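Everything below concerns the one structure shown next.
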Amino acid sequence: MKIGIVLHPYAEKKPGGLARAIFELTGALIAQGRGHEFFVFIRGRKPEPDFPGSNWRAVFFPDGPLWLDRGFARAPAMD
């Protein structure tokens, strides 16, 4: 199964709260999701996160207004 996750907010200097929860949950899902392919959507050009395994890849969405709409218009198809 192809699974997409929007990792936002991401790459804050001191992640906490929602950003930290989303990051940790994403890492846990990827680690437990063997047999699935994960697409991690990131706003703008930021360093690629360090998640375990090779069953995921980062997809960078353009920054700016309507970044999510413009990004999903060009994103890979998912289940």
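Small disclaimer: the values here were computed from a predicted structure and weren't measured. Along the sequence shown, residues carry numbers from 1.
Cation-pi geometry between R43 and F61 is not met at under 6.0 angstrom from the ring centre and within 45 degrees of the axis.
Nearest heavy atoms, M78 versus K2: CB-O, 3.6 Å. Smallest separation of non-hydrogen atoms from F60 and K46: CE2-O, 3.2 Å. Residues A31 and P52 approach most closely at CB-CG, 3.9 Å, considering heavy atoms.
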Between D79 and I3, does the side-chain contact (heavy atoms from CB on, under 4.5 Å) criterion hold? Intermediate values first, please. CA-CA 6 Å; D79 298 324; I3 302 167; over 6 Å; no
Please lay out, stage by stage, how L68 and V6 fare under the test side-chain contact (heavy atoms from CB on, under 4.5 Å). CA-CA 9 Å; L68 203 53; V6 177; 4.2 Å; yes
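No path of Ile, Leu, Val, Met, Phe, Trp and Tyr side chains, each step under 4.5 Å between heavy atoms, connects L7 with W67, placing them in separate hydrophobic clusters. Under a hydrophobic-cluster definition in which Ile, Leu, Val, Met, Phe, Trp and Tyr are linked whenever side-chain heavy atoms come within less than 4.5 Å, directly or via other members, I42 and L18 are assigned to the same cluster.
Aromatic ring centres of F41 and F72 lie closer together than 6.0 Å.
Looking only at side-chain heavy atoms (C-beta outward), T26 and P49 stay at 4.5 Å or farther from each other. Between L29 and I5 there is a side-chain heavy-atom pair separated by less than 4.5 Å. For the pair S54 and E37, the minimum side-chain heavy-atom distance is 4.5 Å or more.
The structure places CG of D69 at 11.0 Å from CZ of R74, a figure rounded to the nearest 0.5 Å. One finds the CG atom of N55 at 10.5 Å from the CD atom of Q32 (value rounded to the nearest 0.5 Å).
Proximity of a side-chain donor or acceptor of R70 to a complementary backbone N or O of D63 within less than 3.5 Å is detected.
Tested against F51 for a ring pair (Phe, Tyr, Trp, His ring centres under 6.0 Å), the candidates F39, F38, W56 yield a single pass: W56.
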